[in-house]
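Everything on this sheet refers to the single structure shown next.
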Number of protein chains: 2
Amino acid sequence: MKTAFRDVKKDIRRRIVQGVWGAGDLLPNEVDLAQEFQCARATVNRAMRELADEGLVERKRKAGTRVLSSPVRQARFHIPIVRKEIEGRGAMYRYALVNREIIDTPDWLRARLGLEQGKQVLHLTCMHYGDSSPYQYEDRWINLAALPQAAEADFDSVGPNEWLIAEVPYSDAEISFSALTAEADVARHLSCAQGDPLFLAERSTWFETRAITYVRLVFHRGYRMTTRY
Amino acid sequence: MKTAFRDVKKDIRRRIVQGVWGAGDLLPNEVDLAQEFQCARATVNRAMRELADEGLVERKRKAGTRVLSSPVRQARFHIPIVRKEIEGRGAMYRYALVNREIIDTPDWLRARLGLEQGKQVLHLTCMHYGDSSPYQYEDRWINLAALPQAAEADFDSVGPNEWLIAEVPYSDAEISFSALTAEADVARHLSCAQGDPLFLAERSTWFETRAITYVRLVFHRGYRMTTRY
DNA sequence: TAGTGGTCTAGACCACCAC
DNA sequence: TGGTGGTCTAGACCACTAT
């Protein structure tokens with residue numbers, strides 16, 4: 001008789017997937033369910049709350065709890081530090097700075113990060129290797145207005161990602177996945193052919209409304225981002 | 001003084017991101033925090049549990065709660081029904097069945113789904129359009145050993161995705177994202193050029209250890225999957 | 001306005017595991 | 001083995017919103 005809320009959750013989930021309660025159906029309220037399961041309402045509440053969190057049911061005050069007609073299927077992806085990702089695969093991690101420049105903020109970047117005035121940004125390009133094979137090409141832009149100390153940082157030995165993690169935590173981030181074909185420069189760095197399809201992750205981060213950084217991460221050919229749910 | 005657990009959560013998060021508690025540090029225990037915040041231990045517990053769920057801290061009995069040294073960054077992606085995704089963008093959804101065949105299970109599919117013996121599978125290819133523009137090319141494989149009724153289903157008007165949702169819920173799924181270049185056939189269906197980079201989502205689903213289906217979803221050129229976290 | 005979920009409380013017992 | 005988090009309870013008040 002331990003972890004009662006898990007049992008309640010399992011049972012309710014079972015009834016939903018088995019069709020006892022079909023799509024759109026109204027479930028009994030928490031008091032009734034608590035009586036049925038012989039537990040406290042708080043226990044039912046937690047079970048139901050987690051089911052709602054997983055996108056299986058929808059809860060509204062007064063309206064009650066309903067089975068979602070088309071369950072909002074969602075998956076969680078872990079966004080690993082590239083070094084850890086490589087080392088986690090048992091490979092030797094190596095980092096190299098390719099280029100570094102300080103320039104006026106390009107318009108497209110200002111638009112993307114919602115910057116008001118065009119100060120300067122630190123633009124870095126780097127490579128991450130696993131066992132000497134190119135793993136990821138990083139195209140990093142750091143807002144110097146928000147992080148002036150980045151201009152002094154030494155990115156020869158430490159990647160901007162790890163530097164940023166140690167320096168400034170972020171509060172909000174937006175991430176996108178898409179596909180692109182390798183242009184000459186990227187192809188050379190990633191040791192693939194021009195025109196090869198590559199997986200691209202883009203991330204913008206903010207700390208309390210202040211834009212911190214925007215990064216394009218281009219993965220080696222054949223990279224797959226996988227998760228179970 | 002409402003939703004106290006959110007306030008507690010916010011405050012603890014603030015202290016972590018501001019460095020009051022650094023990476024690896026041990027946080028006060030729940031009883032002490034409850035006293036500090038003048039609330040019940042259950043309230044602190046919920047706040048801390050959610051922070052742990054978000055990957056900011058790590059909790060162990062007896063050992064206490066510690067700030068994770070490298071926060072496990074994770075993002076949630078909603079896996080929408082393609083019809084809803086298209087309609088959600090204000091476009092008209094249209095579906096078309098391209099091809100349908102019943103064949104012996106190919107070896108690569110058997111390996112991928114962990115099928116033991118090679119029965120037959122239903123292989124469907126379909127197109128999904130938004131306002132008459134190609135949106136997604138679907139390459140669907142359904143395990144007939146687990147779902148014999150799929151052989152009789154009419155996929156001329158209803159997409160396999162929606163049919164499956166109504167027919168069998170799944171319990172486990174694996175999803176992968178990657179990039180590929182358009183081959184002649186796909187390029188024709190998606191109205192793009194051969195060699196264009198396309199975003200690919202692959203999903204395998206099981207229901208209580210029984211493999212249900214494997215699908216390759218190739219999105220139109222320029223598709224981006226985005227989320228905030 | 002009434003019904004439902006959202007949350008808090010104070011107390012309790014228990015499981016785990018680092019010390 | 002003792003301290004810590006994990007969970008349950010019974011009751012209470014409140015916020016939201018469908019009707």
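Chain letters run A, B, ... following the sequence lines, proteins first, then strands; residues in each count from 1.
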Practice item. Measure the acute angle between the ring planes of Tyr95(A) and His128(A), then classify it against the limits of 30° and 60° as parallel, tilted or perpendicular. Key: tilted

Check your understanding: Tyr223(B) vs Tyr135(B) aromatic rings, parallel, tilted or perpendicular, using cut-offs 30° and 60°?
Key ->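 Aromatic pair Tyr223(B)/Tyr135(B) classed perpendicular.
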
Exercise for review: Have a look at Ala42(B) and say if it touches a base, only the backbone sugar-phosphate, or nothing, with a 4.0 Å heavy-atom cut-off.
Suggested key: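 It contacts base atoms.
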
Practice item. State which residues pass salt bridge (charged side-chain N to carboxylate O under 4.0 Å, His left out) with Arg49(B); sequence neighbours excluded, sorted by chain then number. Key: none

Exercise for review: Can you sort out the partners of Glu50(B) under salt bridge (charged side-chain N to carboxylate O under 4.0 Å, His left out), two or more places apart, ordered by chain and number?
Suggested key: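 Lys9(B), Arg46(B).
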
Under 4.0 Å: is that the gap between some side-chain N or O of [X] and OP1 or OP2 of [N]?
X        : N      : answer
Thr65(A) : dG5(C) : yes
Arg41(A) : dT9(D) : no
Asn45(A) : dT7(C) : no
Thr43(A) : dT9(D) : yes
Arg46(A) : dT7(D) : yes

Practice item. Take atom CZ of Phe5(B) and atom P of dT7(C), then tell me their distance rounded to the nearest Å. Key: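 For the pair Phe5(B) CZ and dT7(C) P, the rounded distance is 5 Å.
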
Check your understanding: Near DNA chain D, which residues from residues 21-33 of chain A have a heavy atom under 4.0 Å away?
Key -> none

Review point. Quick one: which of dA10(C), dT9(D), dG5(C) gets closest to the side chain of Arg59(A)?
Key: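 Per side-chain heavy atoms of Arg59(A), the pick is dG5(C).
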
**Study point:** Heavy-atom neighbours of Glu36(B) CD exceed 12 at 6.0 Å
**Key:**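 Enclosed: over 12 neighbouring heavy atoms sit under 6.0 Å from CD of Glu36(B).
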
**Study point:** Strand partner of dA10(D), provided both Watson-Crick or wobble distances fall under 3.5 Å
**Key:**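 WC or wobble partner is dT9(C).
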
Check your understanding: Side-chain contact, heavy-atom cut-off 4.5 Å: Ile12(B) with Phe37(B)?
Key -> yes

